[in-house]
Peer 1: 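Please see the structure below; I have some questions.
All ligand and atom numbering here is 1-based and tracks the order in the structure. Only this structure's heavy atoms are used, side chains among them; waters, hydrogens and symmetry mates stay out. This one's a predicted model, so the numbers in the text were calculated from it and none came from an experiment.
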Amino acid sequence: MGILFKNGTVITASDMVQADVLVEGEVVTLIGKNIDAGGHEVVNCKGKYLLPGGIDVHTHLELPFGGTVSNDDFDSGHKAAAFGGTTAHIDFVIQPKGGSFHDGLRTWREKARPAQIDYGFHMAVTDLRPEVMDEIPSLVDEGVTSLKLFMAYKNVFQIDDTTLFKTMQKAAENGMIVMVHAENGDVEATLTPSLLAAGKTDPKWHAASRPPEIEGEATNRAVMMSGLTGCPLYVVHMTCEPAIEALRRGRAQGYPVMGESCTQYFFLTAEKHLGAPGFEGAKYVCSPPIRTPHDHKVLWQAVRDGTLQAVSTDHCNFWFEGGKGPWREWAQANNGSNWVAYEQQDPSYRRPGKELGMGNFAKIPNGMPGLEERMMVMWEHGVNQGRISPMRFVELMCTNPAKIFGMYPKKGTIAVGSDADIAVWDPNKRHTLSVSNTHMRTDYIVYEGWKVKGKPVQVYLRGKKIVDGDQWLGCNGDGQFVPRKPYAPVL
Ligand code: DUC
Ligand code: ZN
Ligand code: ZN
């Protein structure tokens, strides 16, 4: 007996058609008109869309960063993702300094034990010693086919140009893709102390310490190296015109370069959000910084004209003040596997959050929540407001991420043989985004009070229903690691 999704409209990157979808076991086995219900469980999808489960290729779950650890883990983050229609994500393993890639992988595999949705790993290169360089090909055997390098965060994650270039050469030889966080960390590390010395310590100065030029410069550098080495490049979290222009030039040259932006960069501004009164702006500190309404227009244009291939979140959330308030108890009561583990190690432990940067913007942990809202917010402002078609939405949120990162067609589409990761999307369902109804482990969201029309009402992971309205049906351990293929296409 299978599950028959009847009378829905199936949306893929190329089509939007009324069809029935039969799922048997974990995969889609038939798509067609008037499929016989014979013995199958029927899900009436009249008036609903059937979307492939979303894929967020840029998350940081339980990341030790900025003097603390990001809040959502492979338990809470997965649940939140699924409530937003996302059924797979790729998280960044960080190579420990002095350690190997496999040391990093071991740590992240341990973190992923409670997985509730499917996941993959990128490998962040922080310390490319010769023996570590030799480890690169073995990552492909482990299903890890993407290497990430930070051109920023001096003395923390930042690599130099030699490392970037050599990694690209090696990646190209092995069919891997290189991802970059493109900001010139040396310039940032020069600007920041002078701002602080001038008494410019509030959250809003974070934007001045990381101006668009340093993003444009670093993007251009990585794009040129990609052209030189032939290594496919994916620039993460692009935010502004100089960076988009660098990517556009590279693509016009025929270089194998691609890019994403993240939900927040289409909406939030440095002036209003980072500049909010008091310490409120800390909620919005992420790197690169949120920019201007002009940059929002540039990004929308870039997703429309194909300069950008995907939209992800860079989900990396820290308490605003919950680390010391009632939210801590809320988190414990709701989930909190790792939370409990930390408590057990030290009963007086309070996970710090944004308050670490009071009086010094450079010490505010970088990042914000967004994993749950990505698809709803982009549907509302992309599809409902006529900026992109439903097919382009699916392409950006599901299909391109799967293709670029070697998961297609297992993931990222609804097709015979694909995993039955399906979001039953009600285009008429109205919802108000709020911290009071989020499933993320957070004491704030950045879209508080925003109204959306269009929401997943049921979500299936490989044929198993994990979300039904407000009800959670998933289980720890349901989520599986997705080994990814090398030599993925350049889009
Ligand atoms: N930027 C963020 O804002 N958070 C996590 C890492 C990053 O690059
Ligand atoms: Zn980054
Ligand atoms: Zn990131």
Peer 1: Applying a heavy-atom cut-off of 4.0 Å, say which part of Val285 lies close to ligand 1: side chain, backbone, both or neither.
Peer 2: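 The answer is neither.
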
Peer 1: Could you walk me through whether Asp72 and Arg441 pass salt bridge (charged side-chain N to carboxylate O under 4.0 Å, His left out), step by step?
Peer 2: CA-CA 6 Å; Asp72 273 311; Arg441 187 183 289 150; 5.0 Å; no

Peer 1: Using non-hydrogen atoms of the residue, decide whether Met368 is closer than 4.0 angstrom to ligand 1.
Peer 2: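 Flag not set, Met368 not near ligand 1.
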
Peer 1: Counting from 1, what ligand 1 atoms have a heavy atom of His60 closer than 4.0 Å?
Peer 2: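 In order of number, 5 (C), 6 (C).
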
Peer 1: Among all protein non-hydrogen atoms, which one is nearest to atom 7 (C) of ligand 1, and what is the separation to 0.1 Å?
Peer 2: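 Closest protein heavy atom to atom 7 (C) of ligand 1: Tyr153 OH, 3.2 Å.
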
Peer 1: Tell me if a side-chain donor or acceptor on Ser261 pairs with a main-chain N or O of Met238 at a distance below 3.5 Å.
Peer 2: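 Yes: the side chain of Ser261 pairs with the backbone of Met238.
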
Peer 1: Please tell me whether Thr59 and His89 have a donor and an acceptor in their side chains that are separated by less than 3.5 angstrom.
Peer 2: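 Yes, because at least one side-chain N or O of Thr59 sits under 3.5 Å from a partner of the opposite role on His89.
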
Peer 1: With the Zn ion (ligand 3) as the reference point, give the N/O/S atom of Asp314 that is nearest.
Peer 2: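 That would be atom OD1.
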
Peer 1: Classify the contact between Cys316 and ligand 1 as side chain, backbone, both or neither, using a heavy-atom distance cut-off of under 4.0 Å.
Peer 2: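 It is the side chain that touches ligand 1; the backbone stays farther off.
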
Peer 1: Any N/O/S of His58 under 2.8 Å from the Zn ion (ligand 2)?
Peer 2: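 Here the distance criterion (N, O or S atom, under 2.8 Å) is not met by His58, so no.
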
Peer 1: Can you tell me if Asn174 uses its side chain to pair, donor with acceptor, with the backbone of Ala171 under 3.5 Å?
Peer 2: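 No; judged by distance alone, with no hydrogens or angles, the pair does not exist.
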
Peer 1: If the threshold is 4.0 Å, N to carboxylate O, is there a salt bridge linking Arg106 and Glu110?
Peer 2: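 The answer is no: the pair does not qualify as a salt bridge.
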
Peer 1: When you compare the side chain of Lys411 with that of Ile55, does any pair of heavy atoms fall below 4.5 Å?
Peer 2: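 Result yes, sub-4.5 Å side-chain heavy-atom pair found.
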
Peer 1: Below 3.5 Å, N or O to N or O, backbone or side chain included: is there any such pair between Asn366 and ligand 1?
Peer 2: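 There is such a contact, yes.
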
